[in-house]
Amino acid sequence: MGFTSFKSNVEAGDIVIIFMGHDSMFPLYVKKGEISQTKFGAIKHDQIINHKYGTKFTCSRGWVYVLHPTPELWTITLPHRTQILYTADISMILFQLDLKPGSVVCESGTGSGSLSHAIIRTIAPTGFLHTVEFHEDRANKASLEFKKHGLADYVTVYNRDVIKLGFPVTSVADAVFLDIPSPDDAISAAANALKQSGGRLCSFSPCIEQVQRTCTNLRQQGSGFKDVQVFELIRRSCNVKRVFVPMADLGLDNDEVRSKVVGESNVLPSVTQKHAFCCRTCVLPKETYGHTGFLVFATYQPN
Amino acid sequence: MGFTSFKSNVEAGDIVIIFMGHDSMFPLYVKKGEISQTKFGAIKHDQIINHKYGTKFTCSRGWVYVLHPTPELWTITLPHRTQILYTADISMILFQLDLKPGSVVCESGTGSGSLSHAIIRTIAPTGFLHTVEFHEDRANKASLEFKKHGLADYVTVYNRDVIKLGFPVTSVADAVFLDIPSPDDAISAAANALKQSGGRLCSFSPCIEQVQRTCTNLRQQGSGFKDVQVFELIRRSCNVKRVFVPMADLGLDNDEVRSKVVGESNVLPSVTQKHAFCCRTCVLPKETYGHTGFLVFATYQPN
Amino acid sequence: NMADNEINLNTTVILERNSVLKAVKLVANKVIVFEKLRFKPDKAVGCNYGTVFKVTLTPQRSSPWCKRTIANGEMEITDQDLDSLDTNADDAQGKDNRSLVDTHGKSQTIKRENILEMKGEGATGEEIVKCLVENSSSFNEKTSFSQNKYLKKKKKKYLSYIRIQRPNSRLICQLYQEREPAKICNMRMETMSQILTAANIKHGCNVGVVETCSGVVLGSVLEKLGGKGCVVNLHNGESPPNLFAISHFNFPEPDSDKSDNDITMDTVSEQSNGCDKTKGDNDIKVSGKKRRENRLKHQQRAWGVLENKLLDAVVVVCKFHPTPILLCLLDLQLSRPFVVYSEHKEPLMELFVRLSISGSAINLQLTDTLTRQYQVLPERTHPHVMMSSGGGYLLTGLKITNS
Amino acid sequence: NMADNEINLNTTVILERNSVLKAVKLVANKVIVFEKLRFKPDKAVGCNYGTVFKVTLTPQRSSPWCKRTIANGEMEITDQDLDSLDTNADDAQGKDNRSLVDTHGKSQTIKRENILEMKGEGATGEEIVKCLVENSSSFNEKTSFSQNKYLKKKKKKYLSYIRIQRPNSRLICQLYQEREPAKICNMRMETMSQILTAANIKHGCNVGVVETCSGVVLGSVLEKLGGKGCVVNLHNGESPPNLFAISHFNFPEPDSDKSDNDITMDTVSEQSNGCDKTKGDNDIKVSGKKRRENRLKHQQRAWGVLENKLLDAVVVVCKFHPTPILLCLLDLQLSRPFVVYSEHKEPLMELFVRLSISGSAINLQLTDTLTRQYQVLPERTHPHVMMSSGGGYLLTGLKITNS
């Protein structure tokens with residue numbers, strides 16, 4: 001299914017992403033006979049089936065694009081069960097954990113499954129994700145979701161307290177990811193899950209206090225962890241817009257003023273325009289995410 | 001003298017800033033009969049005297065500009081006795097402390113006097129700075145410097161431990177600035193120095209641990225402090241440069257390729273240029289100051 | 001001296017409720033409407049700046065023959081600590097919320113209608129909060145931490161504390177930044193602070209200002225001059241721009257007898273006439289012969305500063321393309337700074353290049369500043385989650401001559 | 001499986017000394033020169049990746065008849081923890097340095113010449129450090145904290161620990177970022193990571209790559225394909241670009257018998273011929289008939305992917321203007337992503353506009369990422385003082401069709 005492989009046309013049972021605009025997308029499970037209501041009108045699923053991914057689909061009050069699912073689109077459209085991780089952090093996590101097809105990963109907690117989908121995409125089909133979620137309801141929902149997304153072969157969800165009981169597997173993981181309230185209490189659990197030949201660890205924390213304790217424990221003599229690094233990523237997305245900057249009325253008919261502004265070389269005639277200077281510029285949104293969380297990375301390499 | 005007033009021509013006894021290039025400036029005390037060696041050759045002080053500020057001065061191997069001193073130029077040219085504060089932080093401190101002519105300020109420690117000069121500029125001639133420095137040698141040097149800069153009327157330097165002994169004055173300050181290793185231990189000293197009718201406090205700390213303790217103490221019931229805010233400023237300076245982006249050889253002679261790239265509307269002929277696309281862009285230096293320190297601000301308003 | 005710190009009628013003050021600021025002129029017996037509160041300011045007179053007042057809620061009675069009678073609230077001095085009501089902290093982060101189940105507000109049996117009814121019956125904020133707590137099925141199951149947070153949130157909503165502060169450059173800047181950023185060209189406080197230092201604004205200097213920031217820049221410069229010096233305000237076209245914020249600063253009126261202030265806002269519209277004519281208008285409402293004379297005197301003085309090239313600094317913070325404006329005003333004294341703000345980078349890049357090759361400026365710097373605000377609370381310390389981006393750009397430099 | 005983790009001859013490894021990285025191919029009995037050390041790698045063979053070795057210093061004897069004899073150091077396994085030698089932490093910050101007087105190095109009586117002499121006499125690093133401590137007049141006056149720091153600093157300089165690590169995308173990226181950023185278009189690690197996710201690189205997909213990053217991008221994409229799929233590498237002009245970094249990844253050679261890897265680096269120079277001809281070259285040094293056949297097979301496969309429009313992703317990370325390149329390659333499959341990196345914003349702004357009006361792409365995002373690294377140490381936690389700025393820009397989007 002979509003997250004680990006590609007197809008060209010929509011089939012019943014697929015999850016697709018309906019694109020109505022840059023900030024208006026939602027996931028849709030395609031089911032024979034069903035109809036979904038959108039602000040652009042009804043979408044009859046039967047009409048989507050066999051529809052080509054990436055093409056327009058016309059509703060009564062507008063048109064949408066039917067998109068192939070990817071972990072990145074899923075991240076921005078998924079139903080939030082918790083705070084989720086966003087794409088800049090996810091990318092850095094996958095990269096710094098050295099994940100690739102075949103990697104075995106332990107994750108806690110599963111949360112809304114935003115990162116889990118991205119991990120599975122990267123480690124499938126030969127790798128495996130063991131993901132632990134303390135909260136029973138969330139664990140069940142995540143498990144169901146993975147099944148619906150055709151990912152059950154690559155992941156097991158465990159409802160478990162990782163701090164008390166550790167990870168369900170020992171010495172098999174290439175990488176461990178922690179996103180729990182007390183990551184510092186799970187350092188030995190992480191070490192146990194990791195391969196004796198070594199691996200990588202990442203802990204995500206919104207607050208610096210957790211980071212401080214986590215680093216202290218990672219650096220403790222005999223922990224087996226090395227190369228502790230802490231990052232924070234701020235990703236800014238801008239819009240390219242044409243802006244018109246008005247010109248002040250400086251009386252350029254006056255020769256004295258004109259000579260000051262234009263100069264001898266006449267280098268920048270643009271600023272002698274009467275009404276407005278026009279340029280293309282990058283406009284940042286008024287507010288952006290200034291902080292998502294801190295990423296702590298370390299290498300496990302017991303002596 | 002220069003820091004609190006303006007003059008047009010250099011006089012003996014002045015401190016001037018010699019500008020040899022954007023990253024190459026130094027301060028010079030003008031003294032009759034003296035000669036200073038620079039990379040552009042010797043500067044005879046007698047020739048600078050009566051020289052107009054802001055004009056060229058020709059040395060044997062190049063020319064320099066003789067600039068009027070300002071606290072901002074002083075900050076980038078002063079002899080470092082300690083870590084110093086830079087202009088983005090200094091600006092925010094002056095602004096958030098509500099300083100203006102007439103304000104009375106208590107500072108600890110004086111350090112290299114970078115901030116002190118900026119404070120005096122802003123509060124003179126009717127305000128006063130009480131600045132406390134633990135380190136004797138530094139206190140003496142700062143005191144001497146203020147005298148040489150004609151600022152003695154607006155500032156007193158005290159060699160004193162502000163944590164043990166508090167500020168030398170009580171209930172007179174409109175603002176208190178702390179840049180010491182344990183600002184959290186100086187909160188009541190700050191409160192004592194501030195006017196009973198209220199005032200502002202700023203504490204500068206390079207590390208978050210100091211900030212955490214300082215905020216805790218500021219927020220303690222009965223401290224008299226309110227509106228605690230913590231900022232960090234990252235100022236980036238860029239260079240405007242013309243860059244040439246080379247064009248790949250795509251075989252635009254081929255009609256098929258050409259139609260793809262140019263399109264029907266021929267909107268962007270610039271990209272069909274053979275060899276390079278030229279544009280003006282902002283180039284950031286490879287490395288910039290990513291962190292100078294944290295600024296904690298609070299209002300003192302005892303009930 | 002302490003009397004300086006007293007709230008007076010006929011001055012502008014900054015009102016604060018739930019971190020929202022508003023500048024308002026206190027007039028005897030005149031109702032103030034602020035953040036859903038209605039009250040007369042008279043009781044505040046004589047209190048110190050910084051005092052927190054409780055304003056009783058307005059009972060809103062509705063009956064068949066009188067849809068809604070709007071009464072005024074009463075002010076009452078209190079020593080409530082506003083910080084302790086602050087619930088902006090995102091306490092949830094970092095807490096163990098593993099076993100929480102979201103009840104989606106089902107635990108509260110008091111509905112919006114009930115609250116309106118209570119208000120109509122004249123219930124106090126305290127009574128409403130108490131009722132909400134008693135009727136929340138989940139309140140007792142919460143941790144004391146969560147109970148506290150819940151109480152704070154409700155108190156903030158139903159108890160009506162306001163603080164009255166003395167206006168200054170910082171608060172006026174903050175007010176515009178948060179409520180009407182477009183009216184100050186989306187400039188932020190840290191940029192304002194850098195403008196004042198880069199332009200080396202100090203007691204007694206002559207500053208040329210071009211701004212379209214509602215007077216916030218002009219007022220801030222005036223504040224830092226401290227009663228001596230001269231600000232030449234240059235504006236575009238015939239009519240003076242909106243300089244409403246100037247009135248918030250409570251500057252002594254130039255012609256009032258109390259004033260030892262040598263400054264006025266001299267608006268010289270000569271720009272449109274090639275710098276050879278003065279023709280002014282003044283935003284401070286003036287009347288009477290003496291005022292007119294004063295105005296003329298000030299305009300002539302400003303004009304003299306311009307004509308004799310006595311400017312110590314030039315500050316341009318406006319919506320217009322800054323290049324021609326700065327080039328026109330570059331006749332300031334040698335070795336003096338100029339500062340230009342623009343919301344967009346491109347116009348400043350152009351000006352940067354133009355000045356680099358002109359030989360009339362050095363130490364050119366094109367900068368932007370990223371401000372990170374931090375929440376520092378036990379176990380919850382981190383940079384603010386939302387950050388305002390795009391605070392514009394500054395170009396600073398020093399006037400020199402090549403000859 | 002554990003044998004996988006052993007260091008072998010004829011593979012490339014990453015050497016690390018004092019946080020400096022270098023990729024080097026281990027060849028039996030062949031001297032490696034790295035960060036002033038000279039040694040043969042043979043003793044490392046069979047050890048686990050991650051092992052730390054001590055390399056004895058090279059005695060440098062100089063005498064009238066033999067100016068300098070360069071001998072090789074010896075490798076020796078050790079369990080030294082490299083982190084404990086890390087002195088990058090700016091410990092001074094936040095410490096009480098109020099009564100410190102800078103002695104400007106006057107407290108050390110051992111001079112540079114003495115150390116060179118000791119080295120010449122074959123003294124070990126330990127001996128040198130011990131001697132330095134004994135001859136420092138201020139060492140005993142230092143706090144134990146400062147003593148520790150001093151020791152660390154000297155140990156780092158005179159004791160020669162190296163670590164041997166297994167190469168991967170992360171380390172190779174880091175190596176170039178720190179040592180030769182210009183060779184990867186000044187791209188940083190966080191950008192590389194976003195390229196891989198935005199392009200949705202996964203097992204078995206077909207990726208079109210245009211890069212001038214020494215093969216770092218190509219190698220990273222190949223690594224994430226995990227042995228299945230196809231990378232079509234398109235390059236400018238006749239000769240293939242420098243792809244040296246590819247060799248660091250230790251990919252199985254396509255024609256070796258061990259290889260179950262279906263991928264090769266197919267270099268198709270058809271771009272310069274309007275996409276109608278294949279003409280390739282392969283950076284992996286090949287020889288022999290079988291290899292040539294293999295190469296041809298791979299090139300044909302790559303060509304097939306292009307011609308049949310089977311690309312699942314397009315990645316452009318190069319020094320060239322990206323607009324015409326991406327427009328040429330926009331024939332990828334529908335609802336598939338493309339990612340374009342550029343060091344400068346302006347070319348991407350142009351591409352952004354061009355794509356917005358083309359109707360062949362949606363979800364366009366032009367982004368940059370600010371990375372803050374933190375020092376987290378007791379009483380010394382803060383963002384790194386120096387920050388690399390200007391890590392370039394990314395434009396990402398999804399291919400769609402309007403018809």
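Basis for what follows: all heavy atoms, side chains included, without hydrogens, waters or symmetry-related copies. The sequence lines fix the lettering, A, B, ..., with proteins before strands; numbering per chain opens at 1.
Residue with the most contacts toward chain A among D:Glu190, D:His203, D:Lys345: D:His203 (heavy-atom pairs, distance under 4.5 Å). Note on D:Glu223, D:Arg336, D:Met192, D:Glu346: by heavy-atom pairs under 4.5 Å with chain A, the leading option is D:Arg336. Of the listed residues (D:Val52, D:Asn402, D:Leu398), the one with the most heavy-atom contacts under 4.5 Å to chain A is D:Asn402.
With a 4.5 angstrom heavy-atom cutoff, A:Cys215 touches chain D only via side-chain atoms. In this structure, no portion of D:Leu394 lies under 4.5 Å from any heavy atom of chain A. If you measure heavy-atom distances from A:Lys241 to chain D, you find no contacts under 4.5 Å at all. A:Arg200 touches chain D through its side chain: at least one heavy atom from C-beta onward sits under 4.5 Å away, while N, CA, C and O do not. For A:Gln301, the part lying under 4.5 angstrom from a heavy atom of chain D is the side chain only. Only the side chain of A:Ile208 comes within contact range of chain D, judged by heavy atoms closer than 4.5 Å. With a 4.5 angstrom heavy-atom cutoff, D:Tyr49 touches chain A only via backbone atoms. Neither the backbone nor the side chain of A:Ala118 comes within less than 4.5 Å of any heavy atom in chain D. When heavy atoms are compared at a cutoff of 4.5 Å, A:Glu72 approaches chain D solely by way of its side chain, counted from C-beta outward. Of the atoms belonging to A:Arg242, not a single heavy atom falls under 4.5 Å from chain D.
Note that CG of A:Leu67 is 8.5 Å distant from CD1 of D:Ile400, once rounded to the nearest 0.5 Å.
Taking a cutoff of 4.0 Å between a charged side-chain nitrogen and a carboxylate oxygen, A:Asp227 and D:Arg163 qualify as a salt bridge.
In terms of heavy-atom proximity, D:Thr381 sits nearest to A:Gln212 at OG1-NE2, 3.7 Å. Contact record, A:Pro71 with D:Asn200: CD-OD1, 3.8 Å, taken as the closest heavy-atom pair. A pairwise comparison of heavy atoms in D:Leu366 and A:Cys282 identifies CD2-SG, 3.9 Å as the closest pair. The minimum heavy-atom distance linking A:Arg235 with D:Thr367 is given by the pair NH2-CG2, 3.6 Å. Taking every heavy atom of both residues into account, D:Ser193 and A:Phe95 meet most closely at CB-CB, 3.4 Å. The nearest pair of heavy atoms linking D:Val376 to A:Arg219 is O-NH1, 2.6 Å.
When side chains are defined from C-beta on, A:Gln96 counts as touching D:Met189, because their heavy atoms get closer than 4.5 Å.
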**OP:** Output, in order, the C-alpha distance, side-chain angles, deciding distance and verdict of ring-ring contact (aromatic ring centres under 6.0 Å, His included) for D:Tyr374 and A:Phe231.
**Re:** CA-CA 6 Å; D:Tyr374 283 74; A:Phe231 293 99; 9.4 Å; no
**OP:** Just do the side chain to side chain contact (heavy atoms under 4.5 Å, CB included) check on A:Thr87 and D:Gln194 with the steps written out, would you?
**Re:** CA-CA 8 Å; A:Thr87 197; D:Gln194 287 173 31; over 6 Å; no
Original post:
When you look at D:Leu348 and A:Val240, which way does the side chain to side chain contact (heavy atoms under 4.5 Å, CB included) test go after all the steps?
Top reply: CA-CA 10 Å; D:Leu348 289 184; A:Val240 183; over 6 Å; no
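Between the side chains of A:Ser91 and D:Thr197, at least one donor-acceptor pair of N or O atoms lies under 3.5 Å. There is no side-chain donor-acceptor pair under 3.5 Å between D:Asn363 and A:Tyr65.
Side-chain N or O atoms of D:Lys224 include one that pairs as donor or acceptor with a backbone N or O of A:Leu99 at under 3.5 Å.
The environment of A:Tyr289 atom OH is sparse: at most 12 non-hydrogen atoms of other residues, nucleotides or ligands sit within 6.0 angstrom.
Taking the ring axis of A:Phe6 as reference, the NZ or CZ atom of D:Lys202 stays within 45° of it and closer than 6.0 Å to the ring centre.
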